[in-house]
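Notes follow once the structure below has been shown.
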Amino acid sequence: NSISNTKFHTLDPRILAMNKFLKNYHSPMASHADTFVKEADRNGLDWRLLVSISGVESAFGNLIPTNSNNAWGWRGINGNDAGWSMFSSWEDAIVHITERLTTGYGTTITPFEMEATYCPPCGRNPAHVWANGVTNYMNQLSYYLDNLSQL
């Protein structure tokens, strides 16, 4: 009898889908798809939510305060003069904001339920542009996951 030394590495298909999705949006966060999924799972949050918020808030990290690694319009820690939180890396931002979203909003909240406090002006607008935008990106991520072999 022989034992194979072959090693198999599997990657969560959500990571593959998110990486492809973020690359298609030219996001500087594409290489951190694994952190998004890992932190969402660790905190019990929908794996699509945080990255989808970044799509609405900063075009997936493409339009952010200089050197902030803040793709979410997040305020609260290490603020710059304008009040935006400054993070040392994308990973630090993803970890911190995922934890804070879970603590502040819970794990089952929808973009429509959080809109009034996350983006107050948007919550007052009957068009719900923010919540619809986040939901649209979440649906796109689901499409990427469901059609990964064809993308």
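Along the sequence shown, the residues carry numbers beginning at 1.
In terms of modelled atom types and a separation under 3.5 Å, the side chain of Gln150 and the main chain of Asn147 share no donor-acceptor contact. Listed for the Glu39 side chain is no donor-acceptor partner under 3.5 Å among the backbone atoms of Ile94. With hydrogens and angles ignored, the 3.5 Å screen pairs no side-chain donor or acceptor of Asp92 with any backbone N or O of Phe87. Between the Trp130 side chain and the Val56 main chain, no donor and acceptor come within less than 3.5 Å of each other. Looking only at distances, a side-chain donor or acceptor of Asn132 sits under 3.5 Å from a matching main-chain atom of Ala127. Put simply, the side chain of Asn70 never gets that close to the backbone of Met86: no donor and acceptor are under 3.5 Å apart. Put simply, the side chain of Asn62 gets close to the backbone of Tyr25: a donor and an acceptor are under 3.5 Å apart.
By the 6.0 Å contact criterion, OH on Tyr143 is open, its count of non-hydrogen atoms from other residues, nucleotides or ligands being 12 or less.
Trp74 has its side chain within reach of Leu101: a pair of non-hydrogen atoms, C-beta onward, lies under 4.5 Å apart. Contact of the Ser52 side chain with the Val134 side chain is registered, since non-hydrogen atoms from C-beta on lie closer than 4.5 Å. Within the 4.5 Å cutoff, the side chain of Trp84 has no heavy atoms near those of the Ser68 side chain. Between Trp47 and Asp12, every side-chain heavy-atom pair lies at or beyond the 4.5 Å cut-off. No side-chain heavy atom of Gln140 sits less than 4.5 Å from a side-chain heavy atom of Asn24.
Distance CG/Asn69 to CE/Met29: 9.5 Å, rounded to 0.5 Å. From Met18, atom CE reaches atom CG of Asp34 across 10.0 Å, with rounding to the nearest 0.5 Å. A distance of 14.5 Å separates CG of Asn19 from CZ of Arg14, quoted to the nearest 0.5 Å. With rounding to the nearest 0.5 angstrom, the NE2 atom of His96 is 11.5 Å from the OG atom of Ser88. Once rounded to the nearest 0.5 Å, the distance linking CG of Leu16 with NZ of Lys20 reads 11.0 Å. In this structure, SG on Cys119 lies 11.5 Å from NE2 on His128, to the nearest 0.5 angstrom.
Listed here is the closest heavy atom pair of Pro28 and Gly61: CG-O, 3.5 Å. Closest heavy-atom contact between Glu115 and Ala131: OE2-N, 3.0 Å. Of all heavy-atom pairs between Ala71 and Glu57, the closest is O-CB, 3.5 Å.
At a threshold of 4.5 Å between side-chain heavy atoms, the hydrophobic network of Ile, Leu, Val, Met, Phe, Trp and Tyr places Leu151 and Leu22 in one connected group. When hydrophobic clusters are built by joining Ile, Leu, Val, Met, Phe, Trp and Tyr residues whose side-chain heavy atoms come closer than 4.5 Å, directly or via intermediates, Val37 is grouped together with Leu148.
For the side-chain contact (heavy atoms from CB on, under 4.5 Å) criterion with Thr98, the lone passing option out of Leu50, Thr103, Leu49, Thr35 is Leu50.
If you look at Phe21 and Phe36, their ring centroids are not closer than 6.0 Å.
Note: Tyr105 and Tyr118 have tilted aromatic rings, judged against thresholds of 30 and 60 degrees for the angle between ring planes. Between Trp72 and Trp90, the angle of the ring planes goes over 60°, which puts this pair in the perpendicular group of the 30/60° scheme.
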Please report the C-alpha distance between Val95 and Arg42 in whole Å, then the side-chain angles of each, then the deciding distance to 0.1 Å, and finally whether the side chain to side chain contact (heavy atoms under 4.5 Å, CB included) criterion is met. CA-CA 10 Å; Val95 169; Arg42 187 171 72 80; 4.1 Å; yes
